[in-house]
Amino acid sequence: MNEFTAARFGLGAAEEADEQHGSEMFLEGFSPVTDEDIEDASLATSPEALHALVSVTESGTEAVPRRVALAGADQAIAWYRARLGSTQYEGWCEKAARTAWGCAPKYPSAIAHWKRSGPRHTTGIPPKGAFVFWNISTFGHVGIADGRGGFYATGVKGRIGHASSVRYYRNYLGWIPGGCR
């Protein structure tokens with residue numbers, strides 16, 4: 001696998017020591033999701049429905065804080081819900097998915113995450129919080145499963161969003177358990 005390193009490309013990158021790759025620095029490889037990557041745009045939740053997913057308190061403030069202490073699948077999903085409609089992570093799906101779980105960067109791209117992690121599952125409804133993957137470019141795409149057959153990710157109508165089916169994008173690969181592995 002061709003690694004994307006800060007030294008190799010002269011760019012800034014996050015660093016994480018792990019037993020498999022030492023203290024190598026990774027720069028996420030990415031490509032934005034395009035219209036050609038979408039299998040069925042009708043599976044994307046409407047902006048009005050997305051707004052309803054973020055609960056609002058009686059005082060009118062969001063019940064899901066912008067920054068949350070992440071400890072599990074519910075918190076990973078809360079991270080995405082708190083950012084619905086944001087374009088801040090466009091092109092950085094792997095960074096968004098790992099950040100949602102409270103994990104440091106580890107893989108240079110979503111496709112590297114899929115290939116190096118496991119166990120990989122190609123059938124069944126992904127459990128809540130699982131990483132879900134698509135082979136839509138050289139770098140792939142990743143999101144977080146909602147536990148009902150849908151997912152949260154960047155690139156849903158050009159922003160962080162929710163889709164009701166993993167078949168929203170073309171070339172679904174499957175899922176792996178969520179967490180900082």
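Here the structure is a predicted model, which means the values were calculated and not measured. In what follows, every heavy atom counts, from backbone to side chain, and hydrogens, waters and symmetry copies are set aside. Index from 1, following the sequence.
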Sequence neighbours excluded and cut-off under 3.5 Å, please list the side-chain donor-acceptor pairs for residues 121-135, or say none.
unit_1: Lys128; atom_1: NZ; unit_2: Asp74; atom_2: OD1; d: 2.9
unit_1: Trp134; atom_1: NE1; unit_2: Val166; atom_2: O; d: 2.8

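Between His141 and Tyr169, the angle of the ring planes goes over 60°, which puts this pair in the perpendicular group of the 30/60° scheme. Using a 30° and 60° split on the angle between ring planes, Trp79 and Tyr89 fall in the perpendicular class, above 60°.
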Start with the C-alpha gap between Arg98 and Val142, add the side-chain angles, then the distance that decides, and say whether side-chain contact (heavy atoms from CB on, under 4.5 Å) holds. CA-CA 10 Å; Arg98 288 194 55 88; Val142 62; over 6 Å; no
Go through the steps for Ile77 and Tyr152 under the test side-chain contact (heavy atoms from CB on, under 4.5 Å), then give the verdict. CA-CA 7 Å; Ile77 289 171; Tyr152 292 89; 3.6 Å; yes
CA sep, side-chain torsions, deciding dist, call: His162, Tyr80, side-chain contact (heavy atoms from CB on, under 4.5 Å): CA-CA 9 Å; His162 178 264; Tyr80 276 98; over 6 Å; no
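Under a 3.5 Å cut-off, the side chain of Gln75 and the backbone N or O of Trp101 do not form any donor-acceptor pair. Listed for the Ser109 side chain is a donor-acceptor partner under 3.5 Å among the backbone atoms of Ala112. Formation of a donor-acceptor pair under 3.5 Å by the Arg120 side chain with backbone atoms of Lys115 is found in this model. Arg167 places no side-chain N or O within donor-acceptor distance of the main-chain N or O of Tyr172, the cut-off being under 3.5 Å.
Nearest heavy-atom pair, Arg159 versus Thr87, reported as atom, atom and distance to 0.1 Å: NH2-CG2, 3.8 Å. Counting all heavy atoms, side chain and backbone alike, Ala96 lies closest to Thr154 at CB-CG2, 3.9 Å. Counting all heavy atoms, side chain and backbone alike, Ala110 lies closest to Gly140 at CB-C, 3.8 Å.
Put simply, the side chain of Phe139 does not reach to within 4.5 Å of the side chain of Glu94, judged on heavy atoms. His113 has its side chain out of reach of Cys93: every pair of non-hydrogen atoms, C-beta onward, lies at least 4.5 Å apart.
Taking CZ of Phe151 as the start and OG of Ser165 as the end, the distance is 8.0 Å to the nearest 0.5 Å. Residue Asp146 holds its CG atom at 8.0 Å from CZ of Arg81, rounded to the nearest 0.5 Å.
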